[in-house]
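Here the structure is a predicted model, which means the values were calculated and not measured.
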Amino acid sequence: MEVSFILVNYNTNALLLKAIGAIYQFTDAALSFEVLVVDNASKESPATLLAQQFPQVIFIQSPANKGFGAANNLAMQKAKGNYFFFLNPDAFLLSDAASFFVNKMKDSAYSNMAFCSGELLNQAQQPNHCFGNFPSLFSGISACGLMLFYVSYFRKHLALGVANYDPLPKKVDYVSGAAFMVRAELVKIYGGFDEAFFLYFEETEWAYRLQQKGYYSMIFPDVKIIHIEGGSTEAGTNTVFNQRTFQLYAESRQLFYKKTKGAFFAAIMKPLDMLQDLLRSIYHKEGNLFFTKLAILWKA
């Protein structure tokens, strides 16, 4: 088995079916692959729908929602592929991405490439965040306003989330968790997602961990994938403030700081993150909403 597609579903049955449909539509039948779906204790399980429309899919029902990483780890225990292709239910293939990525993984020029992905596009097919840079003290200070003096450099080399900006393949700190491939052999050696992260920063931590072992991540913009950002989370695509999502993001960010650079670094970054949100709140005229965010950031 060459590729195991892995999708985690949480109350997104319609999107899930569309994502799976795109996998079978675009993936070359000559490529041996399987599709595994983990349902993270949704209100309405997709089991019946999958049995009707995609009976070949391997369905795994998680008894409880233990987070995005934990669900993916559950699927990896059963996956048989040489490569695992993680795909959010709100991410839709536009081409045979799996075959493209497998060929790159087998290329000796990329022997130390652990993760790869393509260019993510939004619903309007405009560039969406598809990779990012690991947080640093410089990026934290820059995000508090200094970035205005080097906007282009910040967006490319310091920002946590970056939309692709040119057609060239590029080595990056980490790729978006919405759609990416990893070598199964590395999972066996170094483990998969850190389940301490319920949601957000789990792919960032995984990439950081493997980078310490000498591996790297790549973006190949020739591959285009639609990603409806937020469509597969409880926040959905609604732009209204979601306190639960904000809290999960803040907690995972602090956890990432602590796990990768220690408690002292996390303590330094916390006031910088607070200042960033204060500036955003002023700019977007959020009013008292800032105090809600401040309380969440302080407790994270």
Side-chain angles (χ1 to χ4, degrees), residues 1-9 12 15-38 54 56-58 68 72 75-76 79-107 109-111 113-132 161-172 174-187 203 206-207 215-229 231-232:
M1 183 72 67
E2 281 285 61
V3 177
S4 295
F5 285 93
I6 297 175
L7 299 91
V8 173
N9 180 67
T12 53
L15 291 173
L16 174 68
L17 296 176
K18 183 177 179 181
I20 295 174
I23 290 173
Y24 286 109
Q25 177 183 354
F26 291 108
T27 306
D28 191 338
L31 180 74
S32 60
F33 71 94
E34 61 182 357
V35 178
L36 297 90
V37 171
V38 179
F54 302 104
Q56 66 272 52
V57 166
I58 300 168
F68 178 75
N72 277 305
M76 283 190 279
K80 300 175 181 178
N82 295 321
Y83 307 97
F84 300 152
F85 193 154
F86 300 96
L87 202 64
N88 277 8
D90 62 350
F92 314 122
L93 302 183
L94 297 174
S95 64
D96 186 7
S99 295
F100 183 98
F101 291 153
V102 167
N103 289 335
K104 294 299 181 184
M105 287 288 192
K106 291 182 175 181
D107 189 332
Y110 301 109
S111 59
M113 179 175 68
F115 307 95
C116 64
S117 186
E119 179 174 13
L120 301 186
L121 308 173
N122 60 23
Q123 286 179 289
Q125 301 209 13
Q126 296 300 309
N128 204 351
H129 290 170
C130 61
F131 66 94
V162 184
N164 185 52
Y165 48 81
D166 65 40
L168 301 175
K170 54 187 68 67
K171 189 181 291 187
V172 299
Y174 72 92
V175 296
S176 168
F180 72 96
M181 180 175 284
V182 65
R183 299 178 189 273
E185 61 183 330
L186 295 183
V187 177
E203 76 273 31
W206 195 6
Y215 297 94
Y216 59 86
S217 304
M218 289 283 299
I219 288 291
F220 296 98
D222 284 346
V223 174
K224 313 290 185 186
I225 300 172
I226 296 290
H227 179 216
I228 308 173
E229 195 164 13
S232 60

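Applying the side-chain hydrogen bond (donor to acceptor under 3.5 Å, both in side chains) rule to Ser4 yields the partners Glu34; only residues at least two apart in sequence or on another chain are considered. Partners of Ala207 by side-chain contact (heavy atoms from CB on, under 4.5 Å), not counting sequence neighbours, listed by chain and number: Phe115, Phe134, Tyr174, Ser217. Under the side-chain contact (heavy atoms from CB on, under 4.5 Å) criterion, Ala178 pairs with Asn88, Leu120, Ser176, His227, sequence neighbours left out. Applying the side-chain contact (heavy atoms from CB on, under 4.5 Å) criterion to Lys171, with sequence neighbours excluded, gives Tyr216, Met218.
Ser117 places none of its side-chain heavy atoms less than 4.5 Å from the side chain of Phe131. Under the 4.5 Å side-chain criterion, counting only non-hydrogen atoms from C-beta, Leu93 is in contact with Leu87. Side-chain contact check for Gln56 versus Tyr24: some heavy-atom pair is nearer than 4.5 Å. At a threshold of 4.5 Å between non-hydrogen side-chain atoms, the residues Asp107 and Met113 do not count as touching. A 4.5 Å side-chain heavy-atom check between Ile226 and Leu94 finds at least one atom pair inside the cut-off. The side-chain heavy atoms of Ile23 and Leu7, taken from C-beta on, include a pair separated by under 4.5 Å. Contact annotation: the side chain of Phe92 never approaches that of Gln25 to less than 4.5 Å [non-hydrogen atoms, C-beta and beyond]. Between Tyr215 and Val182, every side-chain heavy-atom pair lies at or beyond the 4.5 Å cut-off.
Across every non-hydrogen atom of Val172 and Val175, the tightest pair is CG2-CG1, 3.9 Å. Annotation for Ala79 and Ile6: closest pair CB-CD1, 4.4 Å, computed over non-hydrogen atoms. Residues Phe220 and Pro169 share a closest heavy-atom pair of CD2-CB, 3.8 Å. Counting all heavy atoms, side chain and backbone alike, Gly81 lies closest to Ala184 at O-CB, 3.4 Å. Closest approach of Cys116 to Met105, counting heavy atoms only: SG-CE, 3.8 Å. Val38 and Ala75 get closest at one heavy-atom pair: CG2-CB, 3.6 Å.
Between atom CG of residue Asn128 and atom CD1 of residue Ile225 there is a gap of 11.5 Å, rounded to the nearest 0.5 Å. For the atom pair CG (Asn122) and CD1 (Ile228), the distance works out to 9.5 Å, reported to the nearest 0.5 Å. Interatomic distance, OG1 of Thr12 versus NZ of Lys18, reported as 12.5 Å (0.5 Å rounding). To the nearest 0.5 Å, the span separating CZ on Phe180 from CD1 on Ile219 amounts to 11.0 Å. Between the CD1 atom of Ile58 and the NZ atom of Lys80 there is a distance of 6.5 Å, given to the nearest 0.5 Å. Taking OG1 from Thr27 and CZ from Phe100, the interatomic distance works out to 14.0 Å, rounded to the nearest 0.5 Å.
Below 30°, between 30° and 60°, or above 60°: for Phe5 and Phe33 the angle between ring planes is above 60°, a perpendicular geometry.
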Handout entry: Test log, rule side-chain contact (heavy atoms from CB on, under 4.5 Å), inputs Phe84 and Val187
Key = CA-CA 9 Å; Phe84 300 152; Val187 177; 4.0 Å; yes

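Every pair passing salt bridge (charged side-chain N to carboxylate O under 4.0 Å, His left out) that includes a residue from residues 217-226 is listed here, sequence neighbours excluded: Glu119-Lys224. Each side chain to side chain donor-acceptor pair (under 3.5 Å) pair with one or both residues in residues 93-106, not counting sequence neighbours, appears once here: Glu2-Lys106, Asp96-Ser99.
Taking the centre of each ring, Phe85 and Phe101 come in below the 6.0 Å mark.
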